[in-house]
Peer 1: 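Below you will find the structure I want to go over with you.
Quick note: residue numbers are just sequence positions, from 1. From a predicted model like this one, the values you see are computed outputs, not experimental measurements. Counting starts at 1 for both ligands and their atoms, in listed order.
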Amino acid sequence: TQSTRPQRLLSAVQKNATRGDPRSVVQAIDQFCRHKEWAMNVGDEKGCILDSVVSEINPATVLELGTYCGYSTVRIASLLPPHAKLITLEFNPNYASIARQVIAWAGLEDKVQLVEGASGDWIPKMKEQFGVKTFDLVFLDHWKDRYLPDTKLIEECGLLTKGSVLLADNVICPGTPDYLEYIRSSPQYESQYFKSHLEYTKVEDGLEKSVFLG
Ligand SMILES: O=C(NC/C=C/[C@H]1O[C@@H](n2ccc(=O)cc2)[C@H](O)[C@@H]1O)c1cc([N+](=O)[O-])cc(O)c1O
Ligand SMILES: [Mg+2]
């Protein structure tokens with residue numbers, strides 16, 4: 001039977017990356033996507049911006065919307081302080097299975113909780129199911145038409161506190177116009193656009209960082 005692209009990406013990690021070495025896992029995926037098959041990871045260029053935001057916040061609690069193969073999960077988790085927790089939501093069970101193996105290869109299972117299902121269903125359960133009070137960082141990288149409704153849901157569920165940061169991928173390409181309009185015009189956020197490129201291409205894209213003002 002024909003393999004899938006995520007399966008081929010995982011094979012590239014298992015072949016080229018060192019177990020327990022997150023940076024080698026990130027490098028193996030970037031190599032695969034740049035030279036073999038493009039895939040919708042945040043990538044190396046935007047990934048450096050992600051790294052700098054994570055390092056600046058030094059978050060104790062992170063929510064990632066859209067795991068896919070676990071590339072940004074590994075980037076973020078590898079920078080977290082001890083006892084910090086990353087919860088990542090993945091809707092597609094096939095992607096979730098690959099991501100679990102990528103996260104395990106990086107040796108980051110203890111820092112990551114991968115939850116399978118829809119963001120709209122799980123966000124309201126974060127407090128009761130995972131004992132989360134608020135998130136220090138939310139990384140949005142799932143379906144682009146879900147960024148705005150899920151942000152409103154996160155607000156309604158009281159999952160943000162003064163200083164919480166939303167970091168959104170793809171605000172230019174594929175684009176999240178309704179989210180950008182909302183977050184940039186809201187008095188509750190201070191936003192900043194980090195211009196970059198769509199992963200592994202020369203097309204413009206960028207990350208929008210928004211600090212919740214409480
Ligand atoms: O479409 C894009 N991303 C959608 C990602 C969706 C991911 O989020 C999960 N999810 C998890 C929870 C949910 O509730 C819903 C979906 C889906 O199962 C999938 O794993 C995209 C596209 C391009 N592009 O160039 O075309 C570039 C990018 O960087 C992108 O991120
Ligand atoms: Mg993306």
Peer 1: Report, as yes or no, whether the 6.0 Å neighbourhood of atom NZ on K127 holds more than 12 heavy atoms from other residues, nucleotides or ligands.
Peer 2: yes

Peer 1: List the atom of P6, the atom of I98, and the distance in Å for their closest heavy-atom pair.
Peer 2: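 Smallest heavy-atom distance, with atoms named: O-CG2, 3.6 Å.
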
Peer 1: Flag the pair Y147 / H142 as yes when their ring centroid distance falls below 6.0 Å, and as no otherwise.
Peer 2: yes

Peer 1: Which protein N or O atoms sit under 3.5 Å from any N or O of ligand 1? Give each pair with its distance.
Peer 2:
residue, atom, partner, partner atom, Å
ligand 1, 3 (N), K144, NZ, 3.4
ligand 1, 14 (O), S119, N, 2.8
ligand 1, 14 (O), S119, OG, 3.1
ligand 1, 18 (O), E90, OE2, 2.4
ligand 1, 20 (O), E90, OE1, 2.8
ligand 1, 20 (O), E90, OE2, 3.1
ligand 1, 29 (O), D169, OD2, 3.2
ligand 1, 29 (O), N170, OD1, 3.1
ligand 1, 29 (O), N170, ND2, 2.7
ligand 1, 29 (O), E199, OE1, 3.4
ligand 1, 29 (O), E199, OE2, 2.5
ligand 1, 31 (O), D141, OD1, 2.9
ligand 1, 31 (O), K144, NZ, 2.9
ligand 1, 31 (O), N170, OD1, 2.9

Peer 1: Please check if atom CD in Q7 has more than 12 non-hydrogen atoms from other residues, nucleotides or ligands closer than 6.0 Å.
Peer 2: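 Enclosed: over 12 neighbouring heavy atoms sit under 6.0 Å from CD of Q7.
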
Peer 1: Compare every heavy atom of L140 with every heavy atom of Y179, then report the nearest pair and how far apart it is.
Peer 2: OH-CD1, 4.1 Å

Peer 1: Are Y200 and D44 linked by a side-chain donor-acceptor pair shorter than 3.5 Å?
Peer 2: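 Note: Y200 and D44 side chains miss the donor-acceptor criterion.
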
Peer 1: Got a sec: does the NE2 of H83 have more than 12 other heavy atoms crowding it under 6.0 Å?
Peer 2: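 At most 12 heavy atoms, drawn from other residues, nucleotides or ligands, come within 6.0 Å of this atom.
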
Peer 1: Do we see a donor-acceptor contact under 3.5 Å between the side chains of R184 and S191?
Peer 2: no

Peer 1: Under the salt bridge (Lys or Arg N to Asp or Glu O under 4.0 Å) rule, what do E116 and R100 come out as? Steps first, then yes or no, please.
Peer 2: CA-CA 11 Å; E116 291 186 41; R100 289 187 198 286; 3.1 Å; yes

Peer 1: Under 2.8 Å from the Mg ion (ligand 2), protein N/O/S atom count?
Peer 2: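 Protein heteroatoms (N, O, S) closer than 2.8 Å to the Mg ion (ligand 2) number 3.
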
